[in-house]
Amino acid sequence: GGGRPPLPPLASSPSHLAAPLPSTPEFSMGGAAAGSDSGCLAWGAAACTAGSGPRWLFRNATSVELEGIAPHPAAFEGESIPQTIPVTYVRCVFASPLAPDGPQVVVAQALVDTGAADCELREGLVRRLGPLPMVAKGLLYETVAGRVTHDSFEVLLMVEGRSCVAAATVSSEERFDPDSEDPCTDEAIIGFAALAAMRWAVDCTTRCV
């Protein structure tokens, strides 16, 4: 809807030498940002350039609602992992803040986890997005397997017509091996910061948002 404030100027301190956003006039911010160290996740031969620090997020456990981004027909959707546990899942799309109109990946069943602050995305899908701005490095997360260290990255997330920029960690491909010591079947997890930014409430009775 209307009434959204325009994008503020990007931070210009040495740790946030921001490159211009792609030319998308309708791309606007729907909330307030919060703050961290700059950096960039560059997969394969993709290079990390100066100014590839976070656009909106300055720390973890924060998210900002955005308007003007949407899934495109060329978004990659692989063969999803069938989910059998009766919890809440949503269909969602991820993209890189460095290229909102670039590669996108679809996750047919992303776990909605109100006990997690940040999002998580499978490594193989992250690789398809290209470089991602780094939000923080070496953060300690409390998980069911104990405390683990992760880097976190800024991603664009779209869920049923709403979108935001969120912090996400990467779930390694090794965890999707059935013989893994810490197996995983969730290709993506949506944490409460992103849910709040997109104004999604979770209905535990019907298992939907």
Side-chain angles (χ1 to χ4, degrees), residues 30-31 41 43 56-57 60-66 69-97 99-100 102-130 132-133 135 141-145 148 150-178 180 182-209:
L41 169 65
W43 296 106
W56 294 276
L57 305 183
N60 284 68
T62 59
S63 183
V64 175
E65 183 182 12
L66 296 178
I69 56 174
H72 56 60
F76 171 81
E77 181 173 3
E79 185 175 347
S80 62
I81 300 174
Q83 302 294 342
T84 58
I85 301 175
V87 290
T88 305
Y89 297 98
V90 295
R91 182 181 177 85
C92 65
V93 181
F94 288 89
S96 171
Q104 297 181 350
V105 296
V106 178
V107 177
Q109 289 184 298
L111 175 65
V112 175
D113 188 352
T114 57
D118 296 327
C119 298
E120 185 176 290
L121 186 59
R122 181 174 180 170
E123 179 185 345
L125 298 178
V126 172
R127 288 178 179 275
R128 292 181 173 273
L129 298 180
L132 295 175
V135 177
Y141 283 84
E142 189 75 42
T143 72
V144 293
V148 295
H150 284 293
D151 298 339
S152 63
F153 305 93
E154 199 175 72
V155 296
L156 297 180
L157 172 62
M158 294 155 266
V159 177
E160 297 184 18
R162 300 180 189 178
S163 54
C164 71
V165 59
T169 58
V170 180
S171 182
S172 68
E173 281 299 313
E174 287 79 6
R175 294 189 61 202
F176 292 88
D177 185 329
S180 170
D182 181 25
C184 179
T185 59
D186 295 309
E187 294 190 299
I189 294 175
I190 310 300
F192 67 72
L195 292 169
M198 292 184 286
R199 296 167 288 111
W200 284 119
V202 180
D203 187 333
C204 297
T205 303
T206 60
R207 300 192 182 96
C208 67
V209 295

Fill in the blank from the handout: Those residues at least two apart in sequence (or on a different chain) that pass side chain to side chain contact (heavy atoms under 4.5 Å, CB included) with F176 are I81, R122, S171, C184, E187
Problem - Within-4.5 Å side-chain heavy-atom neighbours: L125 and F76 - result: yes
Exercise for the section: Find the distance between CD1 (I69) and SG (C164) and round it off to the nearest 0.5 Å. Expected result: 7.5 Å
Exercise for the section: Decide, yes or no, whether a salt bridge links E173 with R127 under the criterion of side-chain N to carboxylate O below 4.0 Å. Expected result: no
Exercise for the section: Give, for atom CZ of R175 and atom OG1 of T185, the distance between the pair rounded to the nearest 0.5 Å. Expected result: 9.5 Å
Handout entry: Contacts of type side chain to side chain contact (heavy atoms under 4.5 Å, CB included), residue A95, not counting sequence neighbours
Key = Q104, L156, M158
Handout entry: Pairing residues for T206 by the side-chain hydrogen bond (donor to acceptor under 3.5 Å, both in side chains) criterion, not counting sequence neighbours
Key = D203
Problem - Beyond-backbone contact of V64 with L57, side-chain heavy atoms, under 4.5 angstrom - result: yes
Practice task
Flag the pair E120 / D186 as yes when at least one side-chain heavy-atom distance between them is below 4.5 Å, and no otherwise.
Solution key: no
Practice task
State, to 0.1 Å, how close V155 and F94 come at their nearest heavy-atom pair, and which atoms those are.
Solution key: CG2-CD2, 4.0 Å
Practice task
Any chance you could measure N60, atom CG, to T169, atom OG1, to the nearest 0.5 Å?
Solution key: 9.0 Å
Exercise for the section: Scan for salt bridge (Lys or Arg N to Asp or Glu O under 4.0 Å) pairs involving residues 109-118, sequence neighbours excluded, and state none if there are none. Expected result: none
Handout entry: By side chain to side chain contact (heavy atoms under 4.5 Å, CB included) - contacts of A110 (at least two apart)
Key = V90, C92, V107, A188, I190
Handout entry: Sidechain-backbone polar pair: S163 side chain, L66 backbone, donor-acceptor under 3.5 Å
Key = yes
Problem - Any S180 side-chain heavy atom under 4.5 Å of E174 side chain - result: no
Handout entry: Close side-chain approach of L157 and C119, heavy atoms under 4.5 Å
Key = yes
Fill in the blank from the handout: Taken in chain and number order and not counting sequence neighbours, the residues that satisfy side chain to side chain contact (heavy atoms under 4.5 Å, CB included) with A193 are S63
Practice task
State whether the side chain of H72 and the backbone N or O of P103 hold a donor-acceptor pair below 3.5 Å, judged by distance alone.
Solution key: no
Fill in the blank from the handout: With sequence neighbours left out, the residues meeting salt bridge (charged side-chain N to carboxylate O under 4.0 Å, His left out) with R91 are E77
Fill in the blank from the handout: Taken in chain and number order and not counting sequence neighbours, the residues that satisfy salt bridge (charged side-chain N to carboxylate O under 4.0 Å, His left out) with D177 are none
Problem - Listed once per pair and sorted, the salt bridge (Lys or Arg N to Asp or Glu O under 4.0 Å) pairs that draw on residues 153-169, sequence neighbours left out - result: none
